[in-house]
Novice: 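Mind having a look at this structure? Questions to follow.
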Amino acid sequence: MHIMEGYLPWEWCLVWFIIAIPFLFFGAKKIIKIVREHPEQKMTVALSGAFIFLLSSLKLPSVTGSSSHPTGTGLSTVLYGVACTSFLSIIVLIFQALLLAHGGLTTLGANVVSMGIFGPACGFGVWYVLRKKAHVSIPVAMFCTAAIADFMTYVATSFQLTLAYHDVGFATAFTEFLTTFAITQIPLSIVEGIIFAMFAMYLMNNKPEIFGESVGEEKVNSEVC
């Protein structure tokens, strides 16, 4: 989904940067607050960022100017919310642009909006409904959250590419971008969901307080989700 350097017109680069800035600002504030008030969370925050870096680096060729890969944002979305995920994502995206030539600096705002904001926001909505309203088990909810966050990231990328390049018509261009991504991204989303569901089961057995599952314990991150 990383749109490569120089692929978007400058005006769209600017628009996506402007949209991303408020999320990044509040995300940075939240993470600083978590680290200061809950020092024991440092490792979990770092682990959430590591998931994003590792999984989103496994890229496959896709639509011209972009790529296809897992996003790894499911864990940070569930534990810390959308704003924190956007901040962790921009750190990852900067490293990938500079060290791996994956994505770009001019397209950083667009990539943050798709992978760090829109996808996680859709995933968080799914998590909230499944856990708070339907009382679905944590592994199942985590599977759905990670898979939806992954796939909706590519819906956002398709929309961003369509806004910049729609000579054949907006609906036709959006359909072409999305269907091309879907060939690789639907199976990748399912695999990513399974990975995070398995990791959620591991956390439930070893650190249940993360999800507020221990008797008598409050959810560790309840004030920041």
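Everything numeric in this text was worked out from a predicted model, so none of it was measured.
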Novice: To the nearest 0.5 Å, tell me how far M142 CE sits from M204 CE.
Specialist: 10.0 Å

Novice: Decide whether L54 and V45 are clustered together by the hydrophobic rule: side chain heavy atoms of Ile, Leu, Val, Met, Phe, Trp, Tyr closer than 4.5 Å, transitively.
Specialist: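 Different clusters: L54 never reaches V45 through Ile, Leu, Val, Met, Phe, Trp or Tyr contacts under 4.5 Å.
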
Novice: Which pair of non-hydrogen atoms, one from A164 and one from P9, has the smallest distance, and what is that distance?
Specialist: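 The answer is CB-CD, 3.7 Å.
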
Novice: More than 12 foreign heavy atoms under 6.0 Å from CZ of F17: is that the case here?
Specialist: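 Yes, the 6.0 Å shell around CZ holds more than 12 heavy atoms from other groups.
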
Novice: For F51, does the CZ atom have more than 12 heavy-atom neighbours from other residues, nucleotides or ligands under 6.0 Å away?
Specialist: yes

Novice: Would you check, one step at a time, whether the test side-chain contact (heavy atoms from CB on, under 4.5 Å) holds for W16 with V112?
Specialist: CA-CA 8 Å; W16 297 119; V112 169; over 6 Å; no

Novice: Would you find more than 12 non-hydrogen atoms of other residues, nucleotides or ligands less than 6.0 Å from F53 atom CZ?
Specialist: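 Enclosed.
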
Novice: CG/L203 to CG/N205 distance, rounded to the nearest 0.5 angstrom?
Specialist: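 Between atom CG of L203 and atom CG of N205 there are 9.0 Å.
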
Novice: Is the closest side-chain heavy-atom distance between V82 and F26 below 4.5 Å?
Specialist: no

Novice: What is the distance from atom OG1 of T107 to atom CE of M4, rounded to the nearest 0.5 Å?
Specialist: 9.0 Å

Novice: Same cluster for I18 and I94 if Ile/Leu/Val/Met/Phe/Trp/Tyr side chains link at under 4.5 Å?
Specialist: no

Novice: Are the side chains of T157 and Q160 in touch, meaning some heavy atoms are under 4.5 Å apart?
Specialist: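 Yes, side chains in contact.
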
Novice: Hey, can you pull the donor-acceptor pairs under 3.5 Å for the side chains in residues 113-123, sequence neighbours left out?
Specialist:
from, atom 1, to, atom 2, distance (Å)
S114, OG, A110, O, 3.3
S114, OG, N111, O, 3.1

Novice: For a quick test of reading the model, state the closest non-hydrogen atom pair linking V168 to A173 and the distance between them.
Specialist: CG2-N, 3.8 Å

Novice: Group every Ile, Leu, Val, Met, Phe, Trp and Tyr by side-chain heavy-atom contacts under 4.5 Å, then state whether L8 and L163 land in the same group.
Specialist: yes

Novice: Show your working on side-chain contact (heavy atoms from CB on, under 4.5 Å) between H2 and H69 and close with a plain yes or no.
Specialist: CA-CA 9 Å; H2 292 37; H69 54 75; 2.9 Å; yes

Novice: Roughly how far apart are S189 OG and I148 CD1, rounded to 0.5 Å?
Specialist: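 The OG atom of S189 sits 8.0 Å away from the CD1 atom of I148.
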
Novice: Closest approach of K30 and C84, non-hydrogen atoms and distance?
Specialist: CB-SG, 3.3 Å

Novice: Heavy atoms, side chains only, cut-off 4.5 Å: are S48 and L88 in contact?
Specialist: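 Yes, at least one pair of side-chain atoms sits under 4.5 Å.
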
Novice: Drop me the distance from Q185's CD to T180's OG1, to the nearest 0.5 angstrom.
Specialist: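 It is 12.0 Å, given to the nearest 0.5 Å.
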
Novice: Go through the steps to decide whether Q41 and V35 satisfy the test side-chain contact (heavy atoms from CB on, under 4.5 Å), and finish with yes or no.
Specialist: CA-CA 6 Å; Q41 288 286 299; V35 172; over 6 Å; no

Novice: Within the 3.5 Å criterion, strictly below it, is a donor on S68 or T184 matched to an acceptor on the partner's side chain?
Specialist: yes

Novice: Would you kindly confirm whether I195 and L75 end up in one hydrophobic cluster when ILVMFWY residues are joined by side chain heavy atoms under 4.5 Å apart?
Specialist: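 As far as the 4.5 Å side-chain criterion goes, L75 and I195 are not connected within one cluster.
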
Novice: Please check this pair: side chain of R131 against backbone of A141, looking for a donor-acceptor N/O pair closer than 3.5 Å.
Specialist: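 Looks like no, no N/O pair under 3.5 Å.
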
Novice: May I ask whether V92 and L105 are part of the same hydrophobic cluster, defined by side-chain heavy atoms of I, L, V, M, F, W, Y residues being less than 4.5 angstrom apart, directly or through others?
Specialist: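 Yes, one cluster joins them.
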
Novice: Is any side-chain heavy atom of F151 less than 4.5 Å from a side-chain heavy atom of I186?
Specialist: yes

Novice: Nearest 0.5 Å, what's the NZ-CG distance between K42 and L47?
Specialist: 16.0 Å

Novice: Of all the heavy-atom pairs spanning F177 and T162, show the shortest one and how long it is.
Specialist: CD1-OG1, 3.3 Å

Novice: Report yes or no: does T172 contribute a side-chain atom to a donor-acceptor pair with the main-chain N or O of G169 at less than 3.5 Å?
Specialist: no

Novice: Flag the pair I194 / F143 as yes when at least one side-chain heavy-atom distance between them is below 4.5 Å, and no otherwise.
Specialist: yes

Novice: Scan L188, I52, D150 and name whichever one has a side-chain contact (heavy atoms from CB on, under 4.5 Å) with T71.
Specialist: D150

Novice: Do S56 and Q96 have side-chain N/O donor and acceptor atoms under 3.5 Å apart?
Specialist: yes

Novice: Assess whether side-chain contact (heavy atoms from CB on, under 4.5 Å) is satisfied between L55 and T73, documenting all intermediate values.
Specialist: CA-CA 9 Å; L55 294 181; T73 56; over 6 Å; no

Novice: Of the non-hydrogen atoms in L24 and S86, which two are nearest, and what is the gap between them?
Specialist: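 Answer, listing the atom of L24 first, then S86: CD2-O, 3.3 Å.
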
Novice: List the atom of G193, the atom of A146, and the distance in Å for their closest heavy-atom pair.
Specialist: CA-CB, 4.0 Å

Novice: Give the ring-plane orientation class for F174 versus F159, where under 30° counts as parallel, over 60° as perpendicular and anything between as tilted.
Specialist: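 Rings of F174 and F159: perpendicular, over 60°.
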
Novice: Which is it for F87 and Y80 under the ring pair (Phe, Tyr, Trp, His ring centres under 6.0 Å) test, yes or no, and what are the steps along the way?
Specialist: CA-CA 11 Å; F87 185 70; Y80 302 113; over 10 Å; no

